[in-house]
Each structure stands twice: as structure tokens, then as C-alpha cells.
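The next block holds one structure in the form of C-alpha cells; read it before the comments.
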Amino acid sequence: MEYNFREIEKKWQQKWKDTNAYKVSNDSPKPSFYVLDMFPYPSGAGLHVGHPLGYIASDIFSRYKRLKGFNVLHPMGFDSFGLPAEQYALETGQHPAVTTEKNIETFKAQLDKIGFCYDWSREIRTSDPSYYKWTQSIFLKLFNSYFCNTCKQAKPITELIEKYQSRGGSNFTAEQWKAFSDKEQADILMKRRLAFSSFGEVNWCEALGTVLANDEVVNGVSERGGHPVIKKKMRQWYLRITAYADRLLQGLETVQFSDAMKEMQRNWIGKSEGCEMLFPLNPGPSPRGEKGDGEIEAKTDLKGAALVPKYSVSSPMSYELAKQNRKDYTDAEDKLWQELRSSKLDVKFRRQHPIDAYIVDFVSLQDALIIEADGGYHENEEQKLYDENRTRILNEIGFTVLRFSNSEILGNTSLVLNKIRETLNNVKTQTIKEKEQGSEFSHPSPPRGEGLGLRCYTTRPDTIFGVDFLVLAPEHTLVSSITTAEQKHAINEYLTYVKSRSDRERQSEVKQITGCFTGAYATNPFNGEPIPVWIAEYVLAGYGTGAIMAVPCGDQRDFAFAKHFNIPITNIIGDYFNGEEANSTKDAHLQNSGFLDGMLMKDAITVAINKIEELGIGKRKVNYRMRDAGFSRQRYWGEPFPIIWEDEMAVPLSENELPLELPHAEKYGPGPEGEGPLANMEEWTSSPSLLHRVEKGDEKMGAKVARRETSTMPGYAGSSWYFLRYMDPNNTQTFCDRKASDYWNQVDVYVGGTEHAVGHLLYSRMWTKVLFDLGYIGFDEPFKKLVNQGMIQGSSRFVYRPIVATHDNIGYEQTKKTIFISSGYIVGKTINESQEILHKILEPFNPTLNKIKDSEASFISANALHVDVSLVDGVELNIEEFRKWKNGEFADAIFICENGEVNYPLSFGEELGARFSKAKYICGSEVEKMSKSKYNTVNPDVLVDKYGADTFRMYEMFLGSVEQSKPWDTKGIEGVHRFLKKLWRLFYTDANPSTNAPGKQVWNTETATDAEQKILHKTIKKIEQDTENFSYNTAVSAFMVCVNELADAKCYKKEILENVLILLSPYAPHIAEELWYLLGNEGLVIDATYPALNEKYLVEATKEYPVSINGKMRSSINLPTETTEEDARQAVLSTEAITKWLEGKEVKKFIFVKGRMINVVV
RNA sequence: GCCCCGGUGGUGAAAUUGGUAGACACGCAGGACUUAAAAUCCUGUUUACAGCAAUGUAAGUAACGGUUCAACUCCGUUCCGGGGCACCA
């Protein structure tokens, strides 16, 4: 009888299915254990060998825990919403639901072949309405909750409303709250909701019709296709994950994630404690010297300070510029100015006035109204963006901005004036509250200079006296206004340079130090010293205030910058600074530091902050790098938001209206104005029934417009909570019954890749915390332990095809005949070398080459073509198979082999074709990500068919540790297969093919000897340890050792073997099940009890101690296990084999480590 | 530039708290069985030197230095590879 894995695996897979062997109950007296895989996105390419790595690991663990007496939940499902299906739909017109369904079927079939113990009755799919009904429901819970800053947890928004109604908010009284309109109330509440809507900028690519991730934008154009990408402001949904920053940080202390993983999350959250402080801009000549501007300060009167806009006096430069602009105006500006100053509007306007970073055309300071006249040059996109940004910033600091084109002003002045008048009226009736709240509304907002100086954030206020310069981000809004006339040109040039640089370039090329002096000076508030203000690309606008204080003696980057630009360096740390490099120590005693002199830096931090706060020039601040999570996608294939916009207010659907099903689409193109495809579906977004619904609802609203939210949720929506649904997958009343989640509790072991370190893992942690706060579940961390699986990389193979470049700009031209050159001629050669070689080789095949070389051709090289790895044995190409590949595309190719011989196709005649058939063609190789297009994917099916699932499972585990990334290689799978065959032969001999005699049973029921028991118990101990530690590669090796030893000992005893089968069953369940059955055991091996370790078999009487002399291993000695140090010393020193090494020298030291080794020092 | 991970035979890799470097496999070489092949089994396999051989000596875990009786393991510096990044001030 032979090991017929094909029959065996089919048989037991069927049996498990028929008996519902893996169905898990929520009602069991056993302790629960939850093992979870990160569920896959069902891509069209199907499963590849990288997927199962983690799945096998978790499967082994699940089966092991089951044998250990746990009720194990080990489910699987599909993350089936996502972009690829939508892109595929765009290309082929096939509905994502259809292709997704098909892909899932493929995945399931492939998974089943490997023999996983999933409880498929609990399968979930995020794109299934019965699933996303609950995703929507949880979204509504987020929408209807706020983060209470006092008790640091989520609470129902109704509690906030009650509070507002009874006690008011921080900016308004209860009476005022009640007086607010619905819209006003809604806006205020929106600022507290955990899922909220706001405006944010997205990378919009008109040509692709989609919003792109930062990653997908390279050098300002789209990665795919190189189309222009612009920043577009759009209404977006966000999750207020920042509210949970501290708890997400603290939670890391309670979970078993790898240190690297925790570090990544900490870095992402990026908590830093420091202070934000203001550096006044060097006043220079007093702005008040300019007549009229002195009135600015007198304007703090009237109906309340909140109405008075905050504006910047800016630098003296602004005033000079302003003056200049006043002389240099257009006809339209002049005309409007004449109208405005003639007091027809009864409001005092100023012309060309500096506001914040800008000089505006006309402004009424009293009414906070700015009027801008745009010339024809404002037509282009860039200018529009600039204007939008400018408007937004001005809005934020409290101004209303009106823009008119030149033609509007010149063409119909009275219309323009009417509009201004109307706006003025509106402005005047606006409430104080709106003004206050309005400034917080943009998200995320860029930094801006504000107030009377430059705001800098620092974690090291102790170094304040070492500040030698300030650096602004080039995008900083104050740059243009503070730059002096002399520096204007240089700054503009630098800005042009920065514009041409991608973010990544700005980050990585540090050797190249760039920057530009603005000509402006700020003042150190502590010693009054002027500080030059620079701009540099290494300061990014997106973080903090977009401005830093540079301390060259304490920060290496600042140091390099100072050195490069010859900025004098102040040393405040004495000997700690050597003048060669910065020293970021906190242990120095400060020098040259005014009131901080002599203080330890560590202590000075607090002292400095206190002083800064005392002086009112700054305040203590905790900064987080993490931002709120964008939750909108302008796409079709995702969860629709259960939100209806009624008169600009977001109104949630009620629970009983869920699921809001994704409407069927025929087309998947983007909607107008950057909206998602759903916006194209009028009947869905704005059906009359919605209006009806509004009318029936709150009468007070009296809404005239009702339109559904048209964006969809991102991929991480469904995956943020899926682990909960597995616990109670069919519940129609709630997303997961509290009883179920209390029973299963946290995921005990979560297995998946590191690529989700900061995305999925943080989001699901946040959702869990929210659901916990609201009392829906009883734990606030989803995953107790996380096991990271390494990425299986592909090992690509290449063939090299020569190309000839010509001068005619057509590009590279391939040689007339298809020729491939072995890698030895190409790889590792310089361009010149390989050009020589190629020329020599190609000449016989292309007589015109010489001519080309001399006249047209400028370059000969070789293109590397990916070749299917299945056509390559190691690195040697199977030339005959390759000729058949791609329907014989390369059937007539000529191969120049490694030894210089040529392999001709048959079309050259049999003689030539046969002559050099033994010559080898060697492929190039490279380790890359596994991908269909690189022809380097390996489909597990092929291996499972050839060697069986058990072999495949054990081989993937044998490859190396689970955590480690490694290129896939099937070399070695034979060894694992041999091991299983060898195991089989402990039970049955193989059939004898020559005599046709069938194999015989060799196992017996004799009693095992102690030596045999020792083999078993040694294995039990090792396998148990390794399995607990996810050290599966060494476990497989331990099985091999065990089987080798049993075979050597000719031990075929059931008493031993059946226990080995139980140990093996998590790893190779099919063969274990079959042999278990053949031994005549009742029931399934997966339901057996894990064998107990009996230490008595492992006790050794003696131990062979290695003996080192002066640390070098010289000999060994057999000693009783219980030897004392003194006995050992005597034994060692009386053994001649050892003493000969001592050469009669005196023993200085005798080291005895019990059970380990002995070291003699002479 | 910063952060994380890694670098061990021809190959994949092992190596409790620092305690016999290379377990277990692959590959290769030689042998047994066989008419032959497959399958299976046995032997050898870090390198250099010496020896017919058993064996011995020396070196050896990217490189150099340090701590230690003892370092793949801990520390420092450097090099290389992989992954991440939002230069976090």
C-alpha cells in the first residue's frame, strides 16, 4: 500500500465536509479561542503561494488549540469591495459584483484544496448587503457619537445636544443654542461627531476621473498615464481618529504586537510634547509712519471683539509693496476704487492693503470684507488654485472675499456694486457665533502665518538661546510678504525650483542642502537678537506651523544648513558641541542662555515653557502627527453612505432603512465635479421619494432639496470590524450580539502582513474603542496578539533581447531576427563592454549592423524580458518550452548560449537545430514582488496537484520562519514530500512494482521501549514549544528527526505512532487522518486529545559537557547530570585528554555552567 | 535624511537567558539495490593547510573595534540588502 495523497486528501476533505467537522458553536463548555487571518481581497489573479503562508500558520495553530481542548473559532471571508474590481469593470463593462463573485469561488476552491479548517458557515463578504448593512449601521453610530474630552471616551451625540440645551456650549449659552437655526446647530454638532463631514483637499486627476493617493502622484502628475493632478477641495467624510490618539497609544501597552509594529504605530500617531511660540518679526521702520494704517488698532470697538478680524501687520516690506501697487493699478481696479471711495456704500474701504500674508485690492476693515479685482491673467488653473487658497485663508481669519473679473467691473459696475452691497448686509447680520466657528471648518488646513510674527513649534524650548535662524516651508503664506526687495528675485527662483521637486525628492536628497534667505529678520523674544528668516524645502508645510526654529549646535540638519550657508552658530552647550557636528543631548548645562544659564537642559525645557506662557508669547502644546482619517472615496464599488443631504445638512437614515443598497450601475465613470460614479445616477441620488421623506419628516426643515451622499466608504470600512461579525455572522438584529462577543472576546491570535501596520490595524483598533465606549462590546482592543507574516516574493527570470538605438528619435529598434543572448554577456557588464560584445555577437546575424553602427546607430543594448518562471529550471531556460510559449511568439528565436554556441530553431534545418542542443541558455534573475505581469507567480494548485496539500503545507512552513520575507523557491519541496513517504513506510511498505506484490502492514501493537518513548516525548516537547512560538520551520524539522529516529530504531509500534499522528495532524491533517483511521482508531484525529508530555522519559543520567580552555573548545567529558561544580572540576583536571591542553599552567578560573559547558582559564 | 527589519556553507536555513556555529532539508559527489531507470537506502559535503586514512591544526556567522572566562547573540563605527516614511523639529 502506498502513500496515495490524491485519494487520501480528497477522501478526508469530503469527510470533514460531510460531518461538519469544522462547524463551531457559540455554546460550548470548552474555553474559547479565536484565531483570525487577515481576510484576502479576492483578486482576479487568484490565490498565489504568498497567501497561504499566513493561512497555514494560523490553521496549524487552530488545529493545535482544538487538540488542546479549546473551542476554536477560525473563520474566513472576503474583503470584497475595492478598486481593482471597479477598474476591471471600467475596462470590460462587467459588473464588479459578478467578477467578485467569480473570484471568490476561485479562491474558495483553491483554499479548500489545501485543507484548511475554516468554518465556512461563518463566511462573510464585505460587499454583501447583509454585511454592509452593519458597516453602515456602525457608521451611523460613529456619526451619532462625539468624543467627550472630559471623560476621554465616545458618547451619544444626544448627550451633547442635551448639554447644549440645558447649559450651552463653550461659546454660547443655552438660550443662544435654542435660537440657532437647524443649519447652525447641525454645523456645530458636525464639529464634534466621530464621523463627520468637512472640506478637504484631494489629489484630483481630471484625465483619470479619480482622486489619487499621494503615492500615486509622481512629480505632480499621475503615476498611471502621467496626467496632471490638481488639488481640489471637496466635501469629504472623516473619522475623528485623532480624538483617540492617546488611547491608541496607551492601548499598545496591553497587546502583544511585535516591537517593530508598535514602533510603527507610535511613529504614525507621532505624539510630541513641546510648545508653540511666537517670534515677532523685526519691526524695522514703524508701520505707523504710514499714514492711515495707524487706524488699524483703533478698530477694536463695536459689537464685540469677535467681529474684528485678526490681521497681520506683516513686515515693512508689505507696506512698501502696497505702496507700489497703489501706483500700479489696472483700469478696472481704478474704476472700482473710484466707486468705492465715493461712499456710495457708506463704508470705508482701503486700497492695496496688507492682510495676513496678502495684499488685497480693497478691504473694509470694519466689515471684514475684501474685494478683489482679477485681471485676465487669473484665467489659468494655477492662478485659480492660488486664488482659492488665498480666499480660504482670508476666510479663515474672518474676512469675506468677493472676486470680480475686470470685465465684470468695467462692463456692469452697478451690478458689481449691488452685489457688494448685498454682501455687506449679510456680513452685518451674521452672528458672532458663526464667525467664531467658521474658522475651524476647513480640514486639513495648511499652515499660515498669523498674528504679529512667526509661529514655531518646538520640542526643545530649552535651546531658545541657540536659535540662529528660522526656516519656513516654501509654501508658508508669509513668504511673499516678508521677503525683501533685494531677495525677491532669489526667493522666486527658489520657489520655482521647489515647485519642480516632488515631495519624495525633497525628503531624500539631503546631501544637497538648499534654501534661500528672505531678507527678513525675526526677533528672539528673550534677548532681542535679530534672527534671519530662511525658507528651505526640508521644512514641510503640512506639519505643525510650517516654520521651525533652527538650533545648529543641537540639530544636525540645522547644523548642516548653517555650515552650508555660513550662518554663525551659537554654542549653548559648551564642550558638548565640538564644532564638527550637532549634539542633540539633553544632558548639557546651558551656556549663553540668559535666564537659563547653568541649568540642565532636561530641566530647562519646563522652565522655558513656563516663561514662554508667562510672557504670553506661546503655550505648551502636545502635537500629533496623525490626522483624521479620510473616509470618502469617489468610487462606485464600496458601501454607500446612509446619509441624505437636505438643504446642506447631513441627515442620517434610520436603522430600519438599512441596508442602503448600492444601486446597480451600467457605467462606472466618475460623476461631475469630481464626484463618484453614483452622482451620475439621478434616480438614485435625488429620487422624489427622498423629497417625500423629507416632507413627511421634520416639518420645520421645510427642505426643498434632498440628495443622497454620492461618495462611498473606503476599503477599510468593512475590514475595521469584520472580526466581530464572524462571532455572530447571521444575526439580523444587530452587528454582533453582546453575548457572542463576550463569549469569544478578543481575537487571541491575528495573523497577517506588516503592510497593514498603520492603516487597517489602527482603524480597527479605533472602531473597537468606539464600540466599547458605547457599550456594544466588552473589550477595547480587538487583537490580543498579532503575528506578522513575511512577504513571499517572486523570483523573476529574464531573457535578453538586443536592441539598436538610432538617431531618428523613433527609439529602440529590435534586431530583425529574434535573438536572445545568455545573461553572461549582459549581467554585470558595463554599457561599453556589453556593447562591444553584442556587436561582435550580432554581426553574423545582421550584416548591416556595421553600417548602422557607423552611421545611424548610436547604441546597442539589450532589453530584459520577463520569462515565465515555469519555463526555467533554476536559471537555465528550457529553450524548447520557451519556443512554444505565448502561442509560439518566439518559435523562431535564435539563442546565443552561455558558451558562445548558438541554438537555432528548427526552421534553420534539422542539422543546425540539433547541433548545439546541449548548450545552456542562462536567464537573469531578480527578486521582485509577485505579480502576474512579471510571470513570476506560483500558483499553489500546481504544487498541490503534484505533491499534495500536506506536502505543500509543510513545505511552506519549512521554508523559514513565518515572519521572514523570502523569495519563493520550490527547490526543496521534494525533501518534505520524501519525509511524508518515509512516515508512511513506518506503517506500510510500498508495493513492489517488479513483482507486483502489494505493500504490507508493518505497524504492530507491541509495547514500546523506554528508548522509543524517549523519541516520542522528545518530539512532543519540541513540537509543543515550537507550535506555541509559531516556529513552524523547526517543528517540521523535529518531525523529520522523529521519523528518521523511529525508522532507524525500526519502531513500528502503534502506541508510539498514533501519538505522532496527533502531533502531526495540525501540520499534515490528511495523512494523519488516513493513518489514524488505518490504525483502527475510532473518530477523527482532529478530535483526539493532545498527548501529554511525560518528562520521565527525557531524564538523562549523564551529560556530555563541552570543555573549553581559555574559551576555545578543546574536548568534552561525560559527567552525571547532577554533578556539582567541585566534582566537575576534579573530573576535568584529572582527565588527561584535557590536562594536556593546560600545559602545566596554573588554573586561574574554572567556569561551570550546569547542564551547559565547562571553561577552564589558565 | 529618518524609522524598522535583515546579512550565517553551493542553496533554504538552525542555534533557550551570551555557553559545542551550521540542526533539518535541498543540491552535489561517491556507493548499494536494479539488465536499466524510477523509487529507496548508505557515505561524504564550511574553508585552508597537513595526512593514504582515522584525524589534526588554523580560520570562519558582512567589515572593523569593544565588553566578557566565553559573542551569530550585547555595545560602537562602517558597508550592503529589504521594507516603511508624513524630514515630526
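Any value given below was found using the heavy atoms of this structure, including those in side chains, with hydrogens, waters and symmetry copies removed. Labels below follow one simple rule: chain letters A, B, ... track the order of the sequence lines, proteins then strands, and each chain is numbered from 1.
For A/Ser961 and A/Arg625, each mapped to the nucleotide of RNA chain B holding its nearest heavy atom, the one lying further toward the 5' end belongs to A/Ser961. Two residues, A/Asp558 and A/Lys1149, neighbour RNA chain B, and the one matched to the more 5' nucleotide by heavy-atom proximity is A/Lys1149.
When the side chain to side chain donor-acceptor pair (under 3.5 Å) test is applied to A/Lys1021, no partner is found at least two apart in sequence or on another chain. Not a single salt bridge (Lys or Arg N to Asp or Glu O under 4.0 Å) links A/Lys982 to another residue, sequence neighbours left out. Under the side chain to side chain donor-acceptor pair (under 3.5 Å) criterion, A/Tyr1105 pairs with no residue at all, not counting sequence neighbours. Residues forming a side chain to side chain donor-acceptor pair (under 3.5 Å) with A/Gln256 (at least two apart in sequence, or on another chain): none. Under the rule for a salt bridge (Lys or Arg N to Asp or Glu O under 4.0 Å), A/Glu1028 has no partner lying at least two apart in sequence or in another chain. Partners of A/Tyr457 by side chain to side chain donor-acceptor pair (under 3.5 Å), not counting sequence neighbours, listed by chain and number: A/Ser272. Residues passing the salt bridge (Lys or Arg N to Asp or Glu O under 4.0 Å) test with A/Lys563: none are found, sequence neighbours excluded. Residues forming a salt bridge (Lys or Arg N to Asp or Glu O under 4.0 Å) with A/Asp558 (at least two apart in sequence, or on another chain): none.
Taking atom CZ of residue A/Arg266 and atom C1' of nucleotide B/C88, one finds them 16 Å apart after rounding to whole Å. Separating the CZ atom of A/Phe469 from the P atom of B/A89 is a distance of 16 Å, rounded to the nearest angstrom. One atom, NE2 of A/His760, and another, C1' of B/G84, lie 18 Å apart when rounded to the nearest Å. If you take NE2 of A/His476 and C1' of B/A89, they are 14 Å apart, rounded to a whole angstrom. Going from atom CG of A/Leu1046 over to atom P of B/C41 covers 14 Å, rounded to whole Å. Distance, A/Gln265 CD to B/G84 C1': 13 Å, rounded to whole Å.
Listed pair A/Arg985 / B/C41 meets the phosphate criterion, a side-chain N or O lying under 4.0 Å from OP1 or OP2. When the side-chain nitrogen and oxygen atoms of A/Lys981 are compared with OP1 and OP2 of B/U40, one or more of them lie within a distance under 4.0 Å.
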Between protein and nucleotides 3-11 of chain B, map the contacts as a letter string: B base, S sugar-phosphate only, - none, heavy atoms under 4.0 Å, written 5' to 3'.
SS------S

Protein proximity profile, nucleotides 18-25 of chain B - base contact B, sugar-phosphate-only contact S, no contact -, cut-off 4.0 Å on heavy atoms:
-BB--BBS

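Side-chain proximity of A/Leu959 to the nucleotides B/C42, B/G12, B/A89 is greatest for B/G12.
Across the C1' atoms, B/C80 and B/G30 are found 38 Å apart, a figure rounded to whole Å. As rounded to the nearest Å, B/G7 and B/U73 have P atoms that lie 11 Å from one another. For the P atom pair drawn from B/C75 and B/U17, the interatomic distance equals 14 Å after rounding to whole Å. For the C1' atoms, the distance linking B/U46 with B/U20 amounts to 16 Å, nearest Å. B/A23 and B/G81 have their P atoms separated by 30 Å, given to the nearest Å. If you take atom P in B/A14 and the same atom in B/G31, they sit 34 Å apart, rounded to whole Å. Annotation: B/U16 and B/C88 have their P atoms spaced 36 Å apart (nearest Å). The separation of B/U55 from B/A39, taken at their C1' atoms, amounts to 36 Å, rounded to a whole angstrom.
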Does A/Asp628 form a side chain to side chain donor-acceptor pair (under 3.5 Å) with A/Thr242? I'd like the steps, not just the answer.
CA-CA 6 Å; A/Asp628 283 331; A/Thr242 50; 2.6 Å; yes

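Of the inter-residue distances, the one linking A/Phe565 atom CZ with A/Thr514 atom OG1 reads 6.5 Å to the nearest 0.5 angstrom.
For the 3.5 Å distance criterion, the side chains of A/Thr570 and A/Asp468 qualify, holding a donor opposite an acceptor.
In this structure, A/Phe952 and A/Trp968 have tilted ring planes: the angle between them lies in the 30° to 60° band. Between A/His977 and A/Tyr3, the angle of the ring planes lies from 30° to 60°, which puts this pair in the tilted group.
For A/Arg953 (side chain) and A/Ala1068 (main-chain N/O), no donor-acceptor pair under 3.5 Å exists by modelled atom type. A/Asn1029 contributes a side-chain N or O that, together with a main-chain N or O of A/Gln1025, makes up a donor-acceptor pair within less than 3.5 Å.
Residues of residues 459-467 of chain A that place a heavy atom closer than 4.0 Å to RNA chain B, in numerical order, are A/Thr459, A/Arg460.
By the rule that a glycosidic angle within 90° of 0 means syn, B/G81 does not qualify and counts as anti.
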For RNA chain B, the expected dot-bracket line (Watson-Crick or G-U under 3.5 Å, [ ] crossing, | inter-strand) is (((((((..(((......[....)))((((((.......))))))(((((....)))))..(((((..]....))))))))))))....

